[in-house]
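Excluded from the calculations below are hydrogen atoms, water molecules and symmetry mates; all remaining heavy atoms, backbone and side chain alike, are included.
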Amino acid sequence: MRNLSFFLASVLVMLVLFTGSAAGQSSPAPAPAGPTNISAILEKAGQFTTLLRLIRVTQVADQINTQLNNSNQGLTFFAPPDNAFSSLKAGTLNSLTDQEKVSLVQFHILPTFLSMSQFQTVSNPVRTQAGNSAAGEYPLNVTTSGNQVNVSTGVDDATVANTIYTDGQLAVYQVDKVLLPLDIFGVKPPAPAPSPLKKPKKSSDSSDSASGPASDDGTTDNAGVVTGPLMVGHVAMALLASLWL
């Protein structure tokens, strides 16, 4: 009887512990919703290692997160995957200055939120965060054909492959190429040829000084002999003197 009571008590304790444990697992605490983080979005999507490194080195990632979490301004981000960067000419990114890298990343960002359907009604050239498109420095043109969205930079053409993330304020679209801005990768006009050097003019004073001193009413030849009217006067006076004598 004592053993039976001990057994029943043990079973009761085990049932209480199991019930409490199961109840705890069935209702986990909800995870808090954190602020929007572009790096976390790209990391979760995968295949964006190069782009992640660029947005961190240029500090554009911090700018995007600050904009999204501290204002009502929406953004649209065209994200090239690693294979798009691998298709570039070797050394392309390393040849850029720090400011050019910033401009390259900002060229992939539109300062407004655009859904896929809104691409059909945008006005070209589309303004980016890189610079003034009206001046021809950073033109970005969007065209649509059915559900396909194409992006042209004046240097290359890309296609929107799929939607990575969208929440009504931030839209991240994967593109199949790196968008190369015209101001950085466009063909530069050749530098103007230098103007030919002008030869110095000969000074007239040098020729005059070589001919010797001149009197007020006559000139001298290269040997220093007086010529001109003064010489004629001397000859006439000599003839008159000889006749007088």
Side-chain angles (χ1 to χ4, degrees), residues 25-87 93 101-134 138-153 156-181:
Q25 290 178 359
S26 62
S27 57
T36 304
N37 188 305
I38 185 63
S39 297
I41 292 171
L42 293 175
E43 286 175 352
K44 184 178 180 180
Q47 301 180 354
F48 293 96
T49 305
T50 304
L51 182 59
L52 276 165
R53 184 172 66 250
L54 269 177
I55 65 175
R56 287 167 176 164
V57 168
T58 58
Q59 299 183 347
V60 174
D62 296 334
Q63 297 173 11
I64 293 174
N65 295 334
T66 300
Q67 262 181 274
L68 292 173
N69 297 310
N70 296 290
S71 70
N72 295 323
Q73 181 181 2
L75 295 175
T76 301
F77 191 7
F78 295 114
D82 291 333
N83 58 7
F85 283 98
S86 300
S87 300
L93 294 181
K101 290 177 182 177
V102 172
S103 298
L104 175 63
V105 176
Q106 291 178 334
F107 189 58
H108 290 71
I109 304 172
L110 311 183
T112 54
F113 171 85
L114 291 177
S115 64
M116 287 294 288
S117 61
Q118 288 176 316
F119 281 119
Q120 299 179 4
T121 58
V122 295
S123 298
N124 289 316
V126 179
R127 186 165 63 94
T128 72
Q129 288 193 332
N132 187 1
S133 60
Y138 295 94
L140 190 68
N141 294 288
V142 176
T143 58
T144 59
S145 177
N147 294 326
Q148 181 173 311
V149 178
N150 300 315
V151 185
S152 177
T153 71
D156 61 353
D157 301 317
T159 300
V160 175
N162 57 69
T163 302
I164 298 173
Y165 177 87
T166 181
D167 60 5
Q169 186 183 15
L170 171 66
V172 183
Y173 300 108
Q174 179 176 331
V175 288
D176 63 347
K177 291 182 182 179
V178 179
L179 306 181
L180 304 178

Just how far is it from atom CD of Gln120 to atom OG of Ser115, taken to the nearest 0.5 Å?
9.0 Å
Donor-acceptor pair, side chain of Asn69 and main chain of Thr36, under 3.5 angstrom:
yes
Check the pair Tyr165, Leu42 against side-chain contact (heavy atoms from CB on, under 4.5 Å), reporting the backbone distance first and the verdict last.
CA-CA 9 Å; Tyr165 177 87; Leu42 293 175; over 6 Å; no
Give the table of side-chain donor-acceptor pairs shorter than 3.5 Å for residues 71-79, with sequence neighbours excluded, one pair per line with atom names and distance.
residue	atom	partner	partner atom	Å
Ser71	OG	Gln67	O	2.5
Ser71	OG	Gln73	N	3.4
Gln73	OE1	Gln67	NE2	3.1
Gln73	NE2	Pro111	O	3.1
Thr76	OG1	Thr112	O	2.6
Thr76	OG1	Leu114	N	2.9

About how many Å separate OG of Ser87 and NZ of Lys177, when rounded to the nearest 0.5 Å?
8.5 Å
CD1/Ile38 to CG/Leu170 distance, rounded to the nearest 0.5 angstrom?
5.0 Å
Without swapping roles, check the side chain of Thr128 against the backbone of Ile109 for a donor-acceptor pair under 3.5 Å.
no
Closest approach of Ser103 to Ala130 (non-hydrogen atoms, all atoms of both residues):
O-CB, 3.5 Å
Ignoring hydrogens, what is the shortest heavy-atom contact between Gln148 and Asn150? Give both atom names and the distance.
NE2-OD1, 3.0 Å
Does atom CD (Gln59) have a neighbourhood of more than 12 heavy atoms from anything else shown, all under 6.0 Å?
no
Taking all non-hydrogen atoms of both residues, which atom of Asn37 and which atom of Asn65 are closest, and how far apart?
CA-OD1, 3.3 Å
How about Ser86 and Asn83: does a side-chain donor come under 3.5 Å of a side-chain acceptor?
no
Thr159 backbone acceptor or donor facing Asp176 side chain under 3.5 Å:
yes
Among Thr50, Leu54, Val175, whose side chain to side chain contact (heavy atoms under 4.5 Å, CB included) with Pro80 holds?
Val175
Exam field: side chain Gln174 to backbone Thr163, donor-acceptor pair closer than 3.5 Å:
no
Dump the intermediate steps for side-chain contact (heavy atoms from CB on, under 4.5 Å) on Thr166 and Val172, then the final yes or no.
CA-CA 6 Å; Thr166 181; Val172 183; over 6 Å; no
Tell me the closest heavy-atom pair linking Leu180 and Phe107, and the distance in Å.
C-CE2, 4.0 Å
Straight-line distance of Leu104 CG to Lys101 NZ, nearest 0.5 Å:
10.0 Å
Any sub-3.5 Å donor-acceptor pair from Thr153's side-chain atoms to Asp156's backbone N or O?
yes
What I'd like to find out is whether the side chain of Asn141 reaches to under 4.5 Å of the side chain of Val126, using heavy atoms alone.
no
Is a side-chain N or O of Thr121 found less than 3.5 angstrom from the main chain of Gln118, in a donor-acceptor match?
yes
Could you tell me the separation between the CZ atom of Arg53 and the OG1 atom of Thr58, rounded to the nearest 0.5 Å?
11.5 Å
Is there a donor-acceptor pair closer than 3.5 Å between any side-chain N or O of Asn124 and the backbone N or O of Val142?
yes
As a quick check of understanding, evaluate side-chain contact (heavy atoms from CB on, under 4.5 Å) for Gln63 and Ile55, giving each step before the final call.
CA-CA 9 Å; Gln63 297 173 11; Ile55 65 175; over 6 Å; no
CD-CG distance between Gln47 and Leu52, expressed to the nearest 0.5 angstrom:
12.0 Å
Decide whether Ser152 and Asp157 meet the rule of one side-chain donor and one side-chain acceptor closer than 3.5 Å.
yes
Counting C-beta onward and ignoring hydrogens, is there a side-chain heavy-atom pair between Arg127 and Leu140 closer than 4.5 Å?
no
Do Tyr173 and Phe119 pass the ring pair (Phe, Tyr, Trp, His ring centres under 6.0 Å) test, and can you show the C-alpha distance, the side-chain angles, and the key distance before you say yes or no?
CA-CA 12 Å; Tyr173 300 108; Phe119 281 119; 5.5 Å; yes
Check this for me: Asn147, atom CG, are more than 12 non-hydrogen atoms of other residues, nucleotides or ligands nearer than 6.0 Å?
no
